[in-house]
Amino acid sequence: MGVFSGGYKYYKQATPALIIVYTVALLSVVIDRLIPQATQLFVDRVINPLFGAESKNTNSVFTAFLEPIPKNDFQTTLLALTLLLAVLVLARYVFHYSRWNVAHWFLRKASDRNRAAAYDHFLRQSPLLLSEYTSGDIFNYMTGDVDALMMMHLMHIPMLVLCLVGIPLSVYFVVRINPILAIPPLVIGVVVYIIATCYIKAMRKCHQAIRDASATLNTCIQENINGVRVVRSFAAEKIETDKFEQKNQKLYESYMATARKQAKYSTLFRFCAQSVNIICIILGIVLVATTGGEAMSVGEFTAFIAYTSQINGEIIAIATTIGAIQHNIVCGTRELNFIERPLLVESEQGAPEVPQNADIEFRNVKMEMNGKVALRGVSFTVRAGEKVGFMGKTGCGKSVIMKLLNRYYDVTDGEILIGGRNIKEYDVDSVRRHFSFVLQDVFLFSETVSKNIGFYDDAANAPKVKECAAIACADEFVSSLSDGYDTVVGERGLGLSGGQKQRLSIARAIYKDAPVFLLDDCTSALDYATEKKIVKNIFTERADKTVLIATHRANSAAYCDRIIYLDRGQVVESGTPQELIESRGMFYEVLASQREEE
Amino acid sequence: MARRNRYYEDEHTKKITASSIKKALRFTIPYRKVIAFLFIGMVVLGIVSMFPTRIMGFIVDDVLTTKGAQVFGYQLDWQTLGIILVVCYALSMLSDSVFGYFRIKYMTVVGHGVVHDMRSAVFANLQRLAFDYYDSRPNGKILVRATSYLDELANVFSSAIIVIVIDIIKILCIGIWLFLIDWRLASVILAVMLPLAVILYFWRKALNKRRRIFREKRSNRGAYVAETVQGQAVINAFNREAKNEAIFDDINDEVRKKFRDITFIQEFNYPLMDGFYYIGLLLVYWISFFLIGAGNSGLTVGLIISFISFSGMLSAPLNEIASQLQEVTNAISNLESVMEVIETEPTIKDKENATEMPAIAGDVRYDDVTFSYDKGTTVLEHVSFDVPHGKTIALVGPTGAGKTTIISLLSRFYDIDSGKITIDGIDISGVKLDSLRRQIGVMMQDSFIFSGTIIDNIRYARPEATDEECIEAAKIVCADEFISRLPDGYYTKTVEQGVRMSTGERQLLSFARVILTDPKILILDEATASIDTHTEQALQKALAVVLKGRTSFVIAHRLSTIKSADCIFYIANKGIAEAGTHESLMEEKGRYYDLVQNAKNNILDE
């Protein structure tokens, strides 16, 4: 089963701990069976003889322990038994305490390895593949699902193992008392096994339904938190609540469906468990009564009762545990499937680093994603140090070019070359280090302004943060904030205007100071004057950098050495601004219309 | 802006108060009949299950002693007793099976029912809470409250509380039986139980404290994960994978260490409970030993055996209480966070005697409005203006001057410090939020796309709209072209952040969403910033039609949009620095003039 082999990878290091845990737990199981052997002697060697009943042969594993004590020295016997019981019970407590402390610490550590792997995998997986998952799902992979897998190793499998060891052991001690008594547990054991297999199948389906319903619900809640401003502006609270209630209800119903199945099966389990218990007891009584105590002493009878109730309890525990394990398997499988899905973009170990002053070349690049053709044969070259503007309609493929360069995904056909070498041959990390990328979507972290700008190396350098902010025209407004650079902003930069957020994200990229700047339509919320200033600043203050700017504003593009105009995934015009103006093509049209506006 | 909590800062939720617990328990009221059923069932079952044990004692007496068994003065032999025993067992088994079936079902009804209701309450209040609540903590910390924390509560309401009560009743019942059997032995057990209660009290208190610390750390982790999920692209772009993983490892270590602190004391539960039982048991042996030694004790073997069996029955509920208490402790610490969401009063809400906002004509008036996000640092001071219905106002000015702030006050996203905002002469602070916001269409800088399909997103605020109406709206805002190119057209699936769509496309889509609601007042906040010139130009023509008859506030950078406005506000210095038509402002040669010149130079540079 995938969950066991796949999931165990993360728990391998915990093997010594697991051995300790299982050993200690198994010892506890043994002690649990030994305690009735001791209490049996209390009855047969102390209480019963005190009433003058003749001391019958009593068969306990501890009989030899009492050998040195004279049979009629009840007080010493009682003292010895008290000590024996105390030792057994105390050992069990020590085992219990150490078992759980060891188990929690080491298995949680293992589970954190698993969690880190999920986190790691998520970070390195291509956004293209990730878009197939909802964020509720992904959140679960790193939280609830990992925990479910841990609970399986920590609690449920050990529990099942212990029951499966405990029941035969109890039966063994029952046989020691009287072999006939072992028949009912063995018969019922077969019945329980059959019920259990059906139960497992039914539970798997139920827990899948629960997991699905819960992920859908979580996504709904998450969207409402992230999109709270949209919900409020439409006064759509009622609509959202209706949507939510549907999902909430569905989750409840999936729990109820599971409960109905559980009720059915666990009633069967309980019925079996109790039948064993009762048949055994009646059998025992008949045995004792008909043989006048020959078949079994009173003490043995009490021990026997203890064993039947242990068997009873453990059959019921098996039922609960296998239900829980199904839940763990469902969650764990999803998480492991996520982790094991190969990375879309990967580089070989020891792959070369991208050279510093490298030309970038697109050679007949085709890109198709989600059934949509984004680029259909794009070719161009950007020389090191060149400033190139990309223009074209919404959805023409400008962003795709930027993302391909960052290897968020790879081309469907054609080649991207950096320094004459295919981009795929380089180390992914080094490719991304080669670019200072400002994404179209502004995302700021719940952090101070200075940590957001200095995100690349956690703002080790305060003067540099300020300098970069100044280049991005952000220094002035940041300084006017109540806590200046120490002001904490939110995920979507709540509290800042769109333009302010864009400037921070530009400053963040400048701070990274990579050889190539990629600016993907990141000045849209800025006024002309500010945009112009930022572009000018970058071109002068970082004159040695290669810059690729995707923009809708012809005047920004006009600053560049060269302009590439895209339409529906194809390069339709390319040349210096002057050339494009002279050729009176699409760029000229846009420039003219934007001039006309004024 | 409110002080914002970060992923590594613990949020110190208040310790839960009695009134919060009471409020939480109120969620069980709808299920009181089911709970009563469970309760009665368990008590009956508890009592029924006690008979066989006592009968067994009698049997032992009959079989093993010459005296035979005396049952309430009757001499009964073991065969008769055996039959009674079988009947008792059959009864208890039957009732256990029947009741067991309903118990599992009804426990789920209660547990998940209560969680369902609580989640609804959490969600409902999240829909009421104003932006300051969302602004002051990472989204992930809100998310865990509405999801994982609640999930963990189900068991408490379905079983833990009932089980604990039942167990206490069981213990009492067994105690009474014990006293009936032999008061001397019973007092021994009682004497041992009392100190146990005291120890338990302190144990639980210590555990509670550690649980709370653990939960805060875990909530930090949730926040970090949620942030990572949203910021993945940025993390990639900045080569932060390794660094973030290191941070994540640290957070995990922290969480784990806090859990270790819990297990250190938590795992004493079983030795504590079970230990007391064995101390009691041994005492019973010793005391019976001395009593029998003293002679004429009135004890019989059967009696002692049933006494021991009974006191043995104590160990099950004691152990159960120990493990359930663990869960309740955990739950209470979760409940603190959950109740905090439910009980937080929104800072912006309908006034007590709020009226419905009648159909808006669109006369907007700001009267000496002063506003601050944080007390002390005002963002706007003494802003006054009058906009007759149907007019279009363009807001211009440097980024961060407060353009977005001014217009977000109109939807009452924030309450103003002083002054008055009226629409058609009605003070907006006195009307129902819902009726106000429904008539104002806001198109924000951030266009959030919900998961579903394209057409679902357009239909968002008007679920009853037909497909044709949605497509019509998309055509108006020139979104039809790109939507038609998508693989499934209007029925293409969208993921939350619209990953597959460009920012411009998302803006068009949310524009269609606004247009469909046919608002009387329209607010466009950089609504078309990421849309290309070509589409924008087509959109402008459509916009002229759309804006007709609506009062509109437009924040834009394109001069063509600004020029066509009826009035232009230049926002600076915490208020409106200049106001007028394009022509009049150009003549004034003030800051607006500079702005326009700047933009022109910009283009003519080449």
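Note that the structure is a prediction, hence the values are computed from the model and not measured. Chain naming here is simple, since letters A, B, ... match the order of the sequence lines and numbering starts at 1 in each.
Heavy atoms of A:Thr258 lying under 4.5 Å from chain B are absent altogether. Looking at A:Lys238, there are no atoms closer than 4.5 Å to chain B (heavy atoms on both sides), in backbone or side chain. Within the 4.5 angstrom heavy-atom criterion, atoms from both the backbone and the side chain of B:Asn244 approach chain A. Of the two parts of A:Arg553, only the side chain, counted from C-beta on, holds a non-hydrogen atom closer than 4.5 Å to a non-hydrogen atom of chain B. With a 4.5 Å cut-off on non-hydrogen atoms, B:Phe264 touches chain A through its backbone and its side chain both. The parts of A:Leu123 that come within reach of chain B are both its backbone and its side chain, each placing non-hydrogen atoms under 4.5 angstrom from that chain.
Between B:Ile104 and A:Arg260, every side-chain heavy-atom pair lies at or beyond the 4.5 Å cut-off. Side-chain contact check for A:Tyr93 versus B:Tyr278: some heavy-atom pair is nearer than 4.5 Å. A:Phe443 places none of its side-chain heavy atoms less than 4.5 Å from the side chain of B:Gln232. A heavy-atom distance below 4.5 Å is not found between the side chains of B:Val225 and A:Arg115.
Judged by the 6.0 Å distance and 45° axis criteria, B:Arg240 is not positioned over the aromatic ring of A:Tyr456. B:Phe448 does not carry A:Arg229 over the face of its six-membered ring by the limits of under 6.0 Å from the centre and within 45° of the normal.
For chain A, the option among B:Lys243, B:Met107, B:Gln266 with the highest count of heavy-atom pairs below 4.5 Å is B:Lys243. When B:Phe102, B:Phe482, B:Phe248, B:Phe268 are compared by the number of non-hydrogen pairs under 4.5 Å with chain A, B:Phe248 comes out ahead. Each of A:Asn406, A:Asp429, A:Val590, A:Ile138 has some count of heavy-atom pairs under 4.5 Å with chain B, and the biggest count is that of A:Asp429. Between chain B and the options A:Ala116, A:Gly227, A:Ser399, A:Ala236, heavy-atom pairs under 4.5 Å are most frequent for A:Gly227. In terms of heavy-atom pairs under 4.5 Å with chain A, the best-connected choice from B:Thr228, B:Asp253, B:Val86 is B:Thr228. Most heavy-atom pairs under 4.5 Å with chain B, from the set A:Phe74, A:Phe437, A:Phe42: that is A:Phe42. Counting heavy-atom pairs closer than 4.5 Å to chain A, the top-ranked of the candidates B:Arg221, B:Arg256, B:Arg103 is B:Arg256. Interface check for chain A: of the options B:Gly275, B:Ala154, B:Ala242, B:Gly82, the most heavy-atom pairs under 4.5 Å are formed by B:Gly275. With chain A as partner, the option from B:Glu241, B:Glu245, B:Lys105, B:Arg437 having the largest number of non-hydrogen pairs under 4.5 angstrom is B:Glu245. Highest contact tally toward chain B, considering only A:Thr143, A:Val46, A:Leu217, is held by A:Leu217 [criterion: heavy-atom pairs under 4.5 Å].
The shortest non-hydrogen separation linking B:Gly100 to A:Thr267 is C-OG1, 4.4 Å. Smallest separation of non-hydrogen atoms from A:Phe139 and B:Gly222: CE1-O, 3.4 Å.
In this structure, a donor-acceptor pair under 3.5 Å is present between the side chains of A:Asn101 and B:Thr263. Between the side chains of B:Tyr285 and A:Thr82, no donor N or O sits under 3.5 Å from an acceptor N or O. Judged purely by distance below 3.5 Å, without hydrogens or angles, the side chains of A:Ser214 and B:Asp151 never pair a donor atom with an acceptor atom. If you check the side chains of B:Asn239 and A:Lys512, you find a donor sitting under 3.5 Å from an acceptor. In summary, the side chains of B:Gln127 and A:Thr241 do not present any donor paired with an acceptor at a separation below 3.5 Å, with no hydrogens or angles considered. For the residue pair A:Glu240/B:Tyr460, the side-chain donor-acceptor check at 3.5 Å is satisfied.
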- Message: Could you walk me through whether B:Met93 and A:Ser275 satisfy the side chain to side chain contact (heavy atoms under 4.5 Å, CB included) test, starting with their C-alpha distance in whole Å, then the side-chain angles of each, then the deciding distance to 0.1 Å, before giving a yes or no?
- Response: CA-CA 8 Å; B:Met93 209 165 124; A:Ser275 322; 3.5 Å; yes
- Message: side chain to side chain contact (heavy atoms under 4.5 Å, CB included), that's the test. Do B:Leu433 and A:Arg232 meet it? Break it down for me.
- Response: CA-CA 9 Å; B:Leu433 280 174; A:Arg232 294 301 156 79; over 6 Å; no
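A salt bridge is absent between A:Lys393 and B:Glu505; no separation between the charged side-chain nitrogens and carboxylate oxygens falls under 4.0 Å. Note on A:Glu237 versus B:Arg438: no salt bridge recorded, every NZ/NE/NH1/NH2 to OD/OE distance being 4.0 Å or above. Residues A:Arg92 and B:Asp274 are paired through a salt bridge, judged by an N-O separation under 4.0 Å between the basic side chain and the carboxylate.
A ring-centre distance under 6.0 Å is not found for A:Tyr252 and B:His112.
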